[in-house]
Engineer: 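Below is the structure I would like to discuss, written out as C-alpha cells.
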Amino acid sequence: MTRKLLLGNEAIAHGAIKAGIRVATAYPGTPSTEVFSTLINFAEEFDFHAEWCVNEKVALEIAYGAAISGARSLVSMKQVGLNVAADPLLTGTYLGVKGGLVIVVADDPGPHSSQTEQDTRNFANFAKVPVFDPADPQEALDMTIEAFNISERYHLPVILRPTTRVCHVCQDVNIPETYFTSPKARFEKGSDYVIFPNVSRRKHSDLIDTLQNISEDFSTSAFNLTEGEDDRGIVCSGVSYYYVKEALQRLQVKPAVLKIGTPYPFPDKLVTSFIKDKQSLLVVEELDPVLENEIFRLVGKTGIKTELHGKNDRLVPGVGELNVDLVEKVIATWLGKSLPEMSVAEKPELPARAPILCAGCPHRASFYAIRKAAGKKSDVVFTGDIGCYTLGTMPPLSAVDTCLCMGASITEAQGIGRAEPGRKTIAVLGDSTFYHTGIPGLINAVYNQYPLTLVILDNSTTAMTGFQPHPGTGQTAMGEEVPIVDMVKLIEGCGVKSIKIVDPVNLKAAVQAVKESLDYQEPSVVIMKRECINLPGHKAASNPVFVDEQKCRDCGLCVTEIGCPALVMEKGQKPRVFETCVGCGLCVEVCPFDAIQGGGR
Amino acid sequence: MQSQTTNIMIVGVGGQGTLLTSRIIAKVAVDMGHDVKVSEIHGMAQRGGSVVSQVRFGEKIYSPIIKKGDADIILAFEKLEAARWLDYLKKDGMILINNARVDPLPVMSGKAKYPEDIVDKIKQHVAKTREVNATDIAVACGNARAANVALVGVLSWAIGIPADKVENAIKELVPAKALDINLRAFNEGYKLFS
C-alpha cells in the first residue's frame, strides 16, 4: 500500500490504472479535467492508450468500442458533457459491454464553473446505468476499481459521479499495490452488438432484470454504511455525508446515519431495513432529491410509516452547494434544537471580483474589433459560446448577447436571423469549441443558405480548462506531433467561400474583415488568429507599453474601451501600466493621441 | 476534537498562486501525521476571479470546507480579498495580508472605488492583523516571483510548524533552478514576525 496526497481526480486516475485500463478518452471540462490529465502521465508506463477527443460523444463511443472488444476503458467528462454523449450512453446500456466501461461524470453543485446544476444520478436513473457517488478522494479511488468490477460482472457501463468537492479536494490516499491485468482484447464477430427494435425489446427486458440484481448487490456494498441506532435517521450521500458528520458532532446529537454510495439502482433492501423502525427521516444531499424520491417510492412500496424531510418540504435547499453551516441549521430545525448564537466579523461592502479576460488576452482585441465592425449603435446580435471568451459578455466589451452550450453560437445565430429576417448576427466561438460541436452548425448554414458571420477565436489551445491540445494544434494528448486538421480547408470543404484570417491585435485589419463578412450575402468566416498568452512556452513580455504623459490628454479611452487589467487610470491621474502587461499593443491602437507607446507584435 | 483541528484559508485573485501554497502546507501537515483535507477552486474563477483554497488538518477531518467563523488563519494574497472572507475568521483568529492591490473590474471601469483604507478597517475588527510586503521580500531575495513562497514562510510561522519540515516540502514542489531563491524567500518570510 502506497500513501500519496492526491486530488480526487488524481485518485480516480490511480484507481483506473489499478483496475487495468487499456483505453482512456476524454474531453476537458471543469471539474473533471485532471482525471484524464493525470492518466496521460502514466499511459506509457502502464501501456494503455490515452487520447483527448474532439467531444464527449466521440470520447464515449471510442471507449465503448474498446469495451465491447474486451478492453477495460475509462472516459471522463463534466456533467454537461454527458448531454452531448447521451446518445451512445442510452443505447450502449442496452447493448452492454464485455470489458469494463467506466464513465466518470463530474457534477458541479454551486455551480462553480458550469452552465447547469444537473444531477448525474438522475441521468443514470434515466439511462438505466449503475452509478457510484464518492464522498472523498479515497472513496473515489476505491469506487473506480469497484465500478470496473461491477461493469464487467453485469456487462453494463457504470458511471462514477464525483462532485467538485471530491474532484478538487486533496487528501492522503491509500493506493493498493495489486492491479488487474486485462485479458488481450479481441472483438468477437457475431456477438450481440447491433441495435435493432426487436433486439432493443429483448435487451431492455434483460436490463431491468440485471438492475434488480445489482440493486440486491448494492444492498450489501461496503460503500453504503449504517452508523448508530436511533428512531431518527439521516440518509445522505457524497460530500454531504461529511457535512452531516461534522454538524452532528457540533450539535452533540446522535441520530442514526445511512450513507448511500450507490444511488442507482437503489439498494432497496438495505434502505428498507434502515427506514422501517424510523419515526422521522431527514435526507441530506446536494442537487436533486434523488435519494429522497427513492425513499418516497420505497415508502409507497412497503407501506412503512415514517416522516420524511428533505428537499420536497424545502427543509434542505434545492440549489447550490451544501456546507456544514447549512446542514447544522437543517438538522437543528429537524430535531427542534436551537443553535448557539454565532458572531462573525462583519465585512465591509466590497466591489465584486468576477473572472476577467487576462491582460493581453487576444479575445479582448477580437471582441473590440467585432464591436467596432458592428458599429457603436448597431443592432447586431452577438451569439457567444463556451470558453474563456464567454467573459466577452462583461463590460466594457459587452460582445456576447446569448450563450447556450458548446457550439450553439453558430446555430443560435441562424435561429435569431430566421425569426427576424434582416437582423444581423455575429457568431463567436473558440477553436476547440469549433472542432467540438461547431462544424455541423456551419454545414447547416451553408446548406440552408443563411448569411452567417462566424468569428472563430483561434488561440491554438483549449484555454479555460488548462491548455489542452485539439485537432487544430497538431499535438495529441501524449505530446506526439501529428498533422494538423486544417481549419481553413475544413471550412472551405463545408462550402464557405469567404474565409479571412487576421491577427486581432492588428485592429484595422480585424475590423475590416468583420465588416466585410457582415456585408457578405453568404456564409463567411473570420479567423482571429493569435496564441493564448498563457500557453506554456509563450514568449514573456519583452516590450510592455508605456504612457507618454506629455501626449496623454486624460480621455481615458484606453481604460474604458477595452478593460485590460494591466491598465488602470484613477481620477485625476494618468493611466498606469502594470507589470502584467504583455505588450499586445491593443491599447496603443485604441489611444487616439499616440500617447501609449511600445508593445511588440 | 474541534479545537484540535487547524483551519486555514488562503485567499486571493485567480492566477496569484494560492494553489501551490495550499499544497505545500498540506504536504507538511501530512508529513507531521495529521489527517488533511484541502479544497481548491479550479476553472473559471482562476481567470482573475476571487479564489480561495482551504486547508484543514487535525486528528480526523470530515468537511473539506471551513465553516463561517471557524478559520484560525486567513492568508490573503491581496488586500481586498482579505476583507471578503472576514466572516470565516475565528474570533481570535489571525489574518495575514499581503500588501498587494489588484483592481477588480468595477474599480477599473470606474463604477466602484477601491477601498484604500481596507487594511485599517480590518484591523478594527481583527486584533491579530499582520501586513506583509511579500514582493519586496522576494525582490530582495533575487526574484519577485518568489513572493508566494515568502508568504508560505509567514504562514508557516503563524501556524507554528517547523521551518525545516516546510523546506523539505518546498524542495519537492518547487523546480530545482528556482530553489535557492525560493528557500531564501521562505526563510525571510518565516523570520518576519518571529
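In what follows, chains are A, B, ... by sequence order, proteins preceding strands, each numbered from 1. As the structure is a prediction and not an experimental result, all values here were calculated from the model.
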Engineer: Closest heavy-atom contact between Pro104(B) and Arg353(A)?
Structural biologist: N-NH1, 3.7 Å
Engineer: If we define contacts as heavy-atom pairs under 4.5 Å, which of Ala359(A), Gly556(A), Pro348(A), Cys358(A) has the most with chain B?
Structural biologist: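 Sorted descending by pairs with chain B, the first entry is Pro348(A).
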Engineer: Can you tell which part of Cys167(A) gets under 4.5 Å to a heavy atom of chain B, answering side chain, backbone, both or neither?
Structural biologist: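 The answer is neither part of Cys167(A).
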Engineer: Distance from Leu19(B) atom CG to His168(A) atom NE2, nearest 0.5 Å?
Structural biologist: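 Going from CG on Leu19(B) over to NE2 on His168(A), the span is 9.5 Å.
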Engineer: Determine the sole option in Asn323(A), Val324(A), Val169(A), Leu322(A) for which the side chain to side chain contact (heavy atoms under 4.5 Å, CB included) test with Ser63(B) is passed.
Structural biologist: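 Answer after filtering Asn323(A), Val324(A), Val169(A), Leu322(A): Val324(A).
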Engineer: Looking at Gly466(A), Ser113(A), Pro137(A), Pro396(A), which has the largest count of heavy-atom pairs under 4.5 Å with chain B?
Structural biologist: Ser113(A)
Engineer: Salt bridge or not between Asp172(A) and Lys27(B)? Use side-chain N to carboxylate O under 4.0 Å.
Structural biologist: no
Engineer: Can you measure from CD1 (Ile65(B)) to OH (Tyr243(A)) and round to the nearest 0.5 angstrom?
Structural biologist: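 If we round to the nearest 0.5 Å, Ile65(B):CD1 and Tyr243(A):OH are 3.5 Å apart.
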Engineer: Can you name the side-chain contact (heavy atoms from CB on, under 4.5 Å) partners of Ala185(B), sequence neighbours left out?
Structural biologist: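 Per chain and number, Ala185(B) pairs via side-chain contact (heavy atoms from CB on, under 4.5 Å) with Cys141(B), Ala146(B), Ala150(B).
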Engineer: Listed by chain and number, what are the side-chain contact (heavy atoms from CB on, under 4.5 Å) partners of Asn187(B), not counting sequence neighbours?
Structural biologist: Glu167(B)
Engineer: Can you check whether Pro565(A)'s main-chain N or O pairs, donor with acceptor, with Asp103(B)'s side chain at less than 3.5 Å?
Structural biologist: no
Engineer: Apply salt bridge (Lys or Arg N to Asp or Glu O under 4.0 Å) to the pair Lys67(B) and Glu328(A), showing each step before the final yes or no.
Structural biologist: CA-CA 10 Å; Lys67(B) 235 181 87 67; Glu328(A) 196 180 0; 3.1 Å; yes
Engineer: Which pair of non-hydrogen atoms, one from Gly563(A) and one from Leu105(B), has the smallest distance, and what is that distance?
Structural biologist: O-CD1, 4.5 Å
Engineer: Taking only residues at least two apart or on different chains, which pairs with a member in residues 111-159 of chain B satisfy ring pair (Phe, Tyr, Trp, His ring centres under 6.0 Å)?
Structural biologist: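 Counting only pairs at least two positions apart or across chains, the ring pair (Phe, Tyr, Trp, His ring centres under 6.0 Å) contacts touching residues 111-159 of chain B are Trp157(B)-Phe193(B).
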Engineer: Working to the nearest 0.5 angstrom, can you tell me the gap between Cys388(A) SG and Gln46(B) CD?
Structural biologist: 11.5 Å
Engineer: Do you know the tightest heavy-atom contact between Cys170(A) and Arg23(B)?
Structural biologist: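 Where Cys170(A) meets Arg23(B) most closely, the heavy atoms are SG-NE, 3.5 Å.
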Engineer: Using non-hydrogen atoms only, which part of Leu5(A) is less than 4.5 Å away from chain B: side chain, backbone, both, or neither?
Structural biologist: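 Contact with chain B: side chain only.
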Engineer: Taking the side chain as everything from C-beta on, heavy atoms only, tell me whether Pro64(B) gets closer than 4.5 Å to Val239(A).
Structural biologist: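 Yes, side chains in contact.
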Engineer: Work out which heavy atom in Val559(A) is nearest to a heavy atom in Met108(B); give both atom names and the distance.
Structural biologist: CG1-O, 3.3 Å
Engineer: Taking the basic N atoms (NZ, or NE/NH1/NH2) and the acidic carboxylate oxygens, is any pair closer than 4.0 Å for Lys113(B) and Glu570(A)?
Structural biologist: no
Engineer: Side chain, backbone, both or neither: which part of Glu34(A) has an atom under 4.5 Å from a heavy atom of chain B?
Structural biologist: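 The side chain, not the backbone.
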Engineer: Measure the CD-OG1 distance between Glu40(B) and Thr164(A) for me, rounded to the nearest 0.5 Å.
Structural biologist: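 Between atom CD of Glu40(B) and atom OG1 of Thr164(A) there are 12.5 Å.
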Engineer: Among the options Pro115(B), Ala112(B), Ser50(B), Gly69(B), pick out the one with the most heavy-atom pairs lying under 4.5 Å from chain A.
Structural biologist: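 Most heavy-atom pairs under 4.5 Å with chain A: Ser50(B).
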Engineer: Heavy-atom cut-off 4.5 Å, strictly under: side chain, backbone, both or neither for Lys91(B) against chain A?
Structural biologist: side chain
Engineer: Can you tell which of Gly48(B), Ala144(B), Gly93(B) has the highest number of heavy-atom pairs within less than 4.5 Å of chain A?
Structural biologist: Gly48(B)
Engineer: So which part of Ile562(A) gets closer than 4.5 Å to some heavy atom of chain B, the side chain, the backbone, both or neither?
Structural biologist: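 For Ile562(A), there is no contact with chain B at all, as no heavy atom is under 4.5 Å.
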Engineer: As an exercise: rank Ser114(A), Ala354(A), Cys361(A) by heavy-atom pairs under 4.5 Å with chain B and give me the winner.
Structural biologist: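 Between Ser114(A), Ala354(A), Cys361(A), the count favours Ala354(A).
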Engineer: At a heavy-atom separation under 4.5 Å, does Gln124(B) approach chain A through its side chain, its backbone, both, or neither?
Structural biologist: neither
Engineer: Taking atom CD of Glu349(A) as the centre, report whether more than 12 heavy atoms of other residues, nucleotides or ligands fall under 6.0 Å from it.
Structural biologist: no
Engineer: Is the shortest distance from a Lys or Arg side-chain nitrogen in Lys68(B) or Asp325(A) to a carboxylate oxygen in the other one below 4.0 Å?
Structural biologist: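 Salt bridge: no.
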Engineer: If you measure from CG on Leu357(A) to CZ on Arg47(B), what distance do you get to the nearest 0.5 Å?
Structural biologist: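 Separation between the atoms: 9.5 Å.
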Engineer: Anything in residues 79-88 of chain B with a heavy-atom distance to chain A below 4.5 Å? Please list those residues in order.
Structural biologist: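 If one takes a 4.5 Å heavy-atom cut-off, the residues of residues 79-88 of chain B near chain A are Leu80(B), Glu81(B), Ala83(B), Arg84(B), Leu86(B), Asp87(B).
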Engineer: Quick check on Ile118(B) against chain A: is it the side chain, the backbone, both or neither that has a heavy atom closer than 4.5 Å?
Structural biologist: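 Contact with chain A: side chain only.
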Engineer: Determine whether a donor-acceptor pair (N or O, by modelled atom type, separation under 3.5 Å) exists between the side chain of Gln171(A) and the backbone of Lys37(B).
Structural biologist: no
Engineer: Take atom CG of Asp180(B) as the centre, draw a 6.0 Å sphere, and report whether it contains more than 12 heavy atoms from other residues, nucleotides or ligands.
Structural biologist: no
Engineer: Inspect the surroundings of NZ in Lys347(A) and state if more than 12 heavy atoms from other residues, nucleotides or ligands are less than 6.0 Å away.
Structural biologist: yes
Engineer: Pick one of side chain, backbone, both or neither for Met569(A), based on which atoms fall under 4.5 Å of a heavy atom in chain B.
Structural biologist: neither
Engineer: One pair to check against salt bridge (Lys or Arg N to Asp or Glu O under 4.0 Å): Glu246(A) and Arg56(B). What are the steps and the verdict?
Structural biologist: CA-CA 13 Å; Glu246(A) 192 154 328; Arg56(B) 308 191 69 199; 2.9 Å; yes
Engineer: Name the region of Val102(B), side chain, backbone, both or neither, that has any atom closer than 4.5 Å to a heavy atom of chain A.
Structural biologist: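 The answer is both parts of Val102(B).
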